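Not measured: the values here are computed from a predicted model.
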Amino acid sequence: MNLTSIKTIKELLARHGFAFSKSLGQNFLINPSVCLKIASEGRDVIDYAPCVFEIGAGIGVLTKELSRTCKKVVCVEIDRALEPILAETLADCSNVEIVWGDVMKIDLAELFAQKFEGEEEIICCANLPYYITSPVIMRLLEERLPLKTITVMVQKEAALRLCSPVGSRDCGAVSVAVRYYSEPKKLFNVSRGSFIPAPSVDSAVIRLKVHGGERYRGDVSDERLFFRIVRAAFSQRRKQLANPVSEELNLPKERIKAALSACDLNTSARAEDLTLEEFIKLYNNINRENI
Ligand code: SAM
């Protein structure tokens with residue numbers, strides 16, 4: 001069955017009485033070359049066929065491609081209405097397992113331990129539902145799941161933010177977190193016409209090479225506090241970061257300015273002026289004396 005043919009998809013969905021859910025971000029891929037590219041880019045830094053964790057199977061178009069080229073695919077899908085459809089479309093994919101549930105609620109560490117026991121090469125590939133793009137990526141990174149790479153389709157604007165260097169105009173708190181745990185790279189754009197139904201924005205595929213933040217761990221003893229400072233700094237990104245950070249930590253503004261100064265940073269610096277290393281220096285100065 002050709003899962004990128006609009007005629008085949010419409011016939012399949014009609015036969016099962018399936019209606020797209022906008023709130024679940026159901027825009028299914030109909031561009032075969034994009035599926036191929038996501039699957040091959042995900043494997044690119046891996047020596048041999050890895051296991052894959054997928055989020056959101058839809059009608060199984062990417063799942064099928066991953067099944068063809070990878071050792072095992074475990075996919076979490078929230079919408080049970082897709083169950084009879086996937087039973088049909090993935091009938092010949094014996095290395096695929098669908099786990100029914102919400103990826104934001106499932107215990108992922110336990111799921112990985114159960115489904116990928118003994119496996120070392122695990123990657124994540126997905127055409128992500130847009131309403132949970134950043135939270136789901138942050139979950140995968142913060143929980144230090146044993147993933148080598150995360151290759152995901154996201155909205156074009158989200159790709160820009162997620163891959164922005166820290167200390168650049170497009171950087172946000174999520175860019176700092178992504179760089180803390182991984183090396184992000186934007187791979188290619190995907191036009192809105194590559195989906196059914198077509199979304200109102202274009203998309204892009206990004207790949208995060210995960211290193212888990214080990215290189216910074218020695219300098220960041222309290223990651224919760226570090227990211228509180230980062231998030232507060234970006235909460236008013238066009239303003240001097242001393243204001244929101246002092247409010248968040250309940251410290252005098254002058255104390256934060258003194259910390260900036262001690263780190264050779266401008267006391268009127270904004271969040272987007274700081275590199276990741278400078279954020280870490282600032283955190284250490286604040287943490288040493290006050291928290
Ligand atoms: N992989 C398919 C494709 O490329 O055509 C479908 C991608 S579609 C953009 C996103 C999929 O994620 C949908 O099938 C949707 O039902 C599912 N989904 C949405 N929210 C989810 C959640 N919280 N947990 C798991 N799956 C979710």
Side-chain angles (χ1 to χ4, degrees), residues 1-13 18 20-22 24-46 49-71 73-79 82 85-86 89-90 92-93 95-96 98 103 123-134 136-137 140 147-163 182 184-209:
M1 189 185 293
N2 180 359
L3 294 180
T4 54
S5 147
I6 296 184
K7 188 167 170 278
T8 306
I9 296 172
K10 284 191 171 162
E11 185 278 325
L12 175 76
L13 299 185
F18 178 87
F20 290 101
S21 159
K22 203 172 174 186
L24 289 178
Q26 288 179 340
N27 302 98
F28 299 159
L29 261 170
I30 49 167
N31 183 333
S33 68
V34 173
C35 283
L36 271 169
K37 270 165 94 179
I38 295 178
S40 69
E41 293 284 0
R43 289 191 320 271
D44 201 35
V45 294
I46 310 287
C51 292
V52 192
F53 176 60
E54 193 195 355
I55 296 153
I59 58 169
V61 66
L62 178 59
T63 320
K64 216 174 163 78
E65 185 55 41
L66 293 166
S67 152
R68 219 174 46 76
T69 50
C70 299
K71 188 173 169 187
V73 185
V74 175
C75 180
V76 176
E77 170 57 62
I78 199 170
D79 189 358
L82 290 163
I85 297 176
L86 287 168
T89 58
L90 302 178
D92 55 353
C93 301
N95 61 347
V96 172
I98 305 291
V103 72
I123 62 174
C124 173
C125 285
N127 171 14
L128 285 179
Y130 293 150
Y131 74 103
I132 48 168
T133 299
S134 292
V136 82
I137 291 177
L140 299 177
L147 288 164
K148 298 274 180 208
T149 58
I150 299 172
T151 306
V152 283
M153 172 112 63
V154 300
Q155 286 191 357
K156 212 167 155 187
E157 292 68 25
L160 184 68
R161 169 87 15 126
L162 289 160
C163 297
S182 71
K185 186 178 177 190
K186 182 177 158 190
L187 298 176
F188 55 91
N189 290 331
V190 179
S191 71
R192 60 196 79 184
S194 295
F195 304 88
I196 180 172
S200 52
V201 289
D202 291 322
S203 300
V205 174
I206 61 169
R207 184 177 61 213
L208 314 181
K209 247 167 102 176

Review point. Would you say the side chain of Leu90 lies within less than 4.5 Å of the side chain of Ile98, judging by non-hydrogen atoms?
Key: yes

Review point. Quick check: does any side chain N or O of Thr69 sit under 3.5 Å from a backbone N or O of Glu65, one acting as donor and the other as acceptor?
Key: yes

Point to revise | side-chain contact (heavy atoms from CB on, under 4.5 Å) partner of Ile30, chosen from Ile196, Val61, Leu3 | key: Ile196

Check your understanding: Do Ile59 and Phe18 touch side chain to side chain, with heavy atoms closer than 4.5 Å?
Key -> no

Practice item. Look at the side chain of Gln26 and the backbone N and O of Phe20, then say whether any donor-acceptor pair between them is shorter than 3.5 Å. Key: no

Practice item. Answer yes or no: are there more than 12 heavy-atom neighbours, outside Lys186 itself, under 6.0 Å from its atom NZ? Key: yes

Exercise for review: Begin with the C-alpha distance, continue with both residues' side-chain angles, and end with the deciding distance and a verdict on side chain to side chain contact (heavy atoms under 4.5 Å, CB included) for Thr133 and Gln155.
Suggested key: CA-CA 9 Å; Thr133 299; Gln155 286 191 357; 5.9 Å; no

Practice item. Decide yes or no for Cys125 and Ile38: does some side-chain heavy atom of the first lie under 4.5 Å from some side-chain heavy atom of the second? Key: yes

Practice item. Could you tell me whether the side chain of Val205 reaches within less than 4.5 Å of the side chain of Lys37, counting heavy atoms only? Key: no

**Study point:** Atom pair CG (Leu36) and CZ (Arg68), whose distance is rounded to the nearest 0.5 Å
**Key:** 6.5 Å

Review point. Does any non-hydrogen side-chain atom of Asn31 lie less than 4.5 Å from one of Phe195?
Key: no

Exercise for review: Indicate the atoms forming the closest heavy-atom contact of Asn95 with Cys70, along with that distance.
Suggested key: ND2-O, 3.1 Å

Point to revise | Test side-chain contact (heavy atoms from CB on, under 4.5 Å) applied to Ile55 and Ile150, Leu140, Asn127, the passing residue | key: Leu140

Check your understanding: At their closest point, which heavy atom of Cys124 faces which heavy atom of Leu147, and how far apart are they?
Key -> N-CD2, 3.7 Å

Practice item. For side chain to side chain contact (heavy atoms under 4.5 Å, CB included), just list the numbers for Ile85 and Leu13, CA-CA rounded to whole Å, side-chain angles, deciding distance to a tenth of an Å, and then say yes or no. Key: CA-CA 8 Å; Ile85 297 176; Leu13 299 185; 3.7 Å; yes

Point to revise | Contact summary for Arg207 and Thr151, nearest pair of heavy atoms | key: CG-OG1, 3.3 Å

Check your understanding: Do the side chains of Glu54 and Leu66 get nearer than 4.5 Å, heavy atoms only?
Key -> yes

Check your understanding: Is there a donor-acceptor contact under 3.5 Å from the side chain of Asn189 to the main chain of Ala204?
Key -> no

Review point. Side chains of Leu62 and Met153: closer than 4.5 Å at any heavy-atom pair?
Key: no

Exercise for review: Grab the two heavy atoms, one from Leu208 and one from Ser182, that are nearest each other, plus how far apart they are.
Suggested key: CB-OG, 3.6 Å

Study note, to complete from the structure: One should read off an interatomic distance between Leu82 CG and Glu77 CD, to the nearest 0.5 angstrom, of 5.0 Å

Review point. Which pair of heavy atoms, one from Leu86 and one from Gly60, lies closest together, and at what distance?
Key: CD2-N, 3.6 Å

Practice item. Decide yes or no for Val152 and Ile206: does some side-chain heavy atom of the first lie under 4.5 Å from some side-chain heavy atom of the second? Key: yes

Point to revise | Spacing of Phe28 atom CZ and Ser194 atom OG [to the nearest 0.5 Å] | key: 15.5 Å

**Study point:** Which atom of Pro129 lies closest to which atom of Leu24, heavy atoms considered
**Key:** CB-O, 3.6 Å

